[in-house]
Each structure stands twice: as C-alpha cells, then as structure tokens.
Amino acid sequence: MNAMDGPFKELSDTEYATFRRELLRVKGSERQREFLGIVRDTDAFLDHVSAIATEGVVDVALATEPMTESEYKDPPADTEQALYVAWSSLAPAVACRSTFWANLTIEHIRAGRIQSAYLAANGGNLPGGAERIDFALDEEKGQGPKQIDECVRTVLRRLGGLREVRGNRSIYVDCPFARAWWRERFASQAADGDPQVASSVRAILRTNQTYWEKLIDRIVFRNSTFGSENIRSAFLRVLAQFVQADPTSDLTSSASLQRLCRRATTYQGARELSILNDGELDALMEAVVTET
C-alpha cells in the first residue's frame, strides 16, 4: 500500500495518552515496576501494548535488518539515511506525531528488528537497557522510586517521545526513529541533491545530542524565521560549510548556535528573507556566521 490508500497506522491518541498518564502518575509505583519487568521481556511487552488501539490503515516499511542496541539508540549516519529513504513518503504533519512513531517502534519490536529492552538504554554507567532495568528493580542496589520513574520515562521517550514533560521537542530529540527522519529531512532539503553538501550538513546535525536539541528548539519551536525551508536550509548549509573548513571552530558549541539563530532573527526583522533566492540567502547567512 502507499500513502494514497489512506492514513498511516498509529496508536489511538486518546488511549496512548491515557496509557502514559496512568503509568507516570506515581513515581516508583507497583505499576511502574511491573511495566519495567514487562519491557524486559519482548513477548510480554508486545502483549501489553497490544491493548492500545490503533488507527489508520497504511503500514510503513521497517528497517531491513535487525539493529543492535547501540545502533538503535544512536543510529549511524548511513542507517539514518536508509530509514529516511524508506519513510520518504511521510508528511511532516505525520512525522511530528508521537502516536505514529510509537506504533512504528512497536512494529520494529514485533518484527524482531529491535528488542523492547533497548527502549530503556540511556548511556551512563549502565548503557544497556536490560541492565538498567535490572538495576532499577533491584531493591538493594537500585535507588528507589526516582530511578524507577526515570527508567520508565526513558522507555516512553524512546518509544515515541514524551510530550507530557518536554512537549513535542521530545519527539524530535528523544525518539531515535523520529530523530533520524528529521535530521535526514533537514540535510536533504539543505543539500538539494548535492551529496557533498548533504554530508557536511549531516555532520553538523550530528554534532551531539545537546546540539541537535538546541537546534530543534531554535529552528522549530522558538524562531519563526526558520519556518521557511529556504532560510533554514541556507543557514544549515553555510554553518556546515564553515565547520567543515574549521572543525575546531566554536560554531559547534550550543552557545554559538543560539547566538547565530538570534542574529538571523535580527536580520529577518530588518528585511524579509523569504523572498530572497538561494544565492542571496547563502550570502546573508555567511554574514550571520562571520559577524563578530
């Protein structure tokens, strides 16, 4: 089937919201402890989430091969590219929905591409999801309700984003599959078919998790200037070009990124940028990046 056959499958928004709300109601509750035990077992997890109704009729292609835990948690650039190609028919209105990504993640678990315990992985001293769950549930070694609650929240963030805590930012930042799609979308738009430009933009988008989060915060949620694809693409293109020329530049710092975004907004306030062509926008963004 294709996108023209109907809406993509996703979890029921009402039922999934209720599922999250009840799970997060009490930190360290028996419900949370039981849930982590379920996440530890893929078959039990699939049985548990099957109670959440789905909507839509169109299935989305899955990753062609099983993914390791580290590959799922932070997909390499080539994996993100392959996923984006497979999901290229998605519209942004779908790709910003927690219910869509949660269902797609569940389908990857159902197909054996990932294991449900991967959802709990969160780096640190206990990078493995299963190991982290076991530690959280260990009454002697664990740190009680707070650690159990944090582990549950990580699972929900990885599954499809946790809007209750971080709003829609969580979808773009915390859900690996959604993050892969949005990073590749921005790189593809900025490159406009040029593989070298795509590679340099991809590198800047993958600087680190904090940088990506600040980027999303600035160009998606706080700054109307970057609502224009042309403006956003020119900004990323020029920023990537300068970082590629000088990898040690402080342009890869979150503070610099925020400063440049504010500067671009100032330019927009003085001149309507959306009417400029790509060459004019690139020249203007060079001024934004190089201005002292």
*When the aromatic ring centroids of Trp212 and Tyr172 are compared, is their separation below 6.0 Å?*
no
*Is there a donor-acceptor contact under 3.5 Å from the side chain of Trp181 to the main chain of Trp87?*
yes
*Counting distance only, does the side-chain N/O of Thr252 pair as donor-acceptor with the main-chain N or O of Thr248 below 3.5 Å?*
no
*Under a 4.5 Å cut-off applied to non-hydrogen side-chain atoms, are Ile109 and Gln115 in contact?*
no
*Establish, for the pair Arg20 and Tyr16, whether the NZ or CZ atom is under 6.0 angstrom from the six-membered ring centre and no further than 45 degrees off its axis.*
yes
*Write down the atom of Glu164, the atom of Ala17, and the distance for their closest heavy-atom approach.*
OE2-O, 4.3 Å
*Are Lys146 and Glu150 within salt-bridge range, i.e. N to O under 4.0 Å?*
yes
*Is any side-chain heavy atom of Thr79 less than 4.5 Å from a side-chain heavy atom of Glu71?*
yes
*So which heavy atom on Cys175 is nearest to which on Trp101, and how close?*
SG-CB, 3.8 Å
*Residue pair Arg218 / Phe226: nearest heavy atoms and the distance that separates them*: O-CD1, 4.1 Å
*For Ser116 and Thr42, does a side-chain donor sit closer than 3.5 Å to a side-chain acceptor?*
yes
*How many angstroms lie between atom CG of Leu236 and atom CD1 of Ile231, to the nearest 0.5 angstrom?*
12.0 Å
Distance-only check: which donor-acceptor pairs under 3.5 Å involve side-chain atoms of residues 197-205, not counting sequence neighbours?
residue : atom : partner : partner atom : Å
Ser200  : OG   : Val197  : O            : 2.9
Arg202  : NE   : Glu184  : OE2          : 2.6
Arg202  : NH2  : Glu184  : OE1          : 3.2

*Would you mind reporting whether Leu159 and Ile106 have side-chain heavy atoms less than 4.5 Å apart?*
yes
*Applying side-chain contact (heavy atoms from CB on, under 4.5 Å) between Ser170 and each of Leu156, Ile216, Leu162, report the one that passes.*
Leu162
_Leu46 reachable from Ile52 in the ILVMFWY side-chain graph, under 4.5 Å edges_ = yes
*Are any non-hydrogen side-chain atoms of Phe235 and Arg232 less than 4.5 angstrom apart?*
no
*Under the salt bridge (charged side-chain N to carboxylate O under 4.0 Å, His left out) criterion, do Glu55 and Lys9 qualify, and how do the steps go?*
CA-CA 6 Å; Glu55 302 171 350; Lys9 280 187 179 179; over 6 Å; no
*Would you say Asp74 and Arg179 make side-chain contact, with heavy atoms under 4.5 Å?*
yes
*Ignoring hydrogens and angles, state whether a donor on the side chain of Thr18 or Arg21 is under 3.5 Å from an acceptor on the partner side chain.*
yes
*Whether Phe100 and Phe8 hold their rings parallel, tilted or perpendicular, with breakpoints at 30° and 60°*: perpendicular
*Hey, does the Lys NZ or Arg CZ of Arg169 hover above the aromatic six-ring of Phe221, less than 6.0 Å from the centre and inside 45° of the axis?*
yes
_Suppose we screen for side-chain hydrogen bond (donor to acceptor under 3.5 Å, both in side chains). Which residues come up paired with Glu15, at least two apart in sequence or across chains?_
none
*Please say whether more than 12 non-hydrogen atoms of neighbouring residues, nucleotides or ligands are located less than 6.0 Å from CD in Glu30.*
yes
*Heavy-atom check, side chain of Cys151 versus side chain of Ile133, under 4.5 Å*: yes
_Least distance between heavy atoms, Leu257 atom then Leu239 atom_ = CD1-CD2, 4.2 Å
*Close side-chain approach of Phe177 and Trp182, heavy atoms under 4.5 Å*: no
_His108/Tyr118 aromatic ring centres below 6.0 Å_ = no
*Arg206/Glu80 ion pair, N-O < 4.0 Å*: yes
*Salt-bridge present (Glu107, Arg110; N to O < 4.0 Å)*: yes
*Which heavy atom of Ala121 sits nearest a heavy atom of Glu69, and at what distance?*
CB-OE2, 3.5 Å
*Might you point out which heavy atoms bring Ser253 and Ser256 nearest each other, and give the distance in Å?*
OG-OG, 3.0 Å
*Check: Ala111 main-chain N/O paired with Arg113 side-chain donor or acceptor under 3.5 Å*: yes
*Thr105 and Leu119: side chain to side chain contact (heavy atoms under 4.5 Å, CB included), yes or no, with the steps?*
CA-CA 9 Å; Thr105 302; Leu119 300 174; 3.9 Å; yes
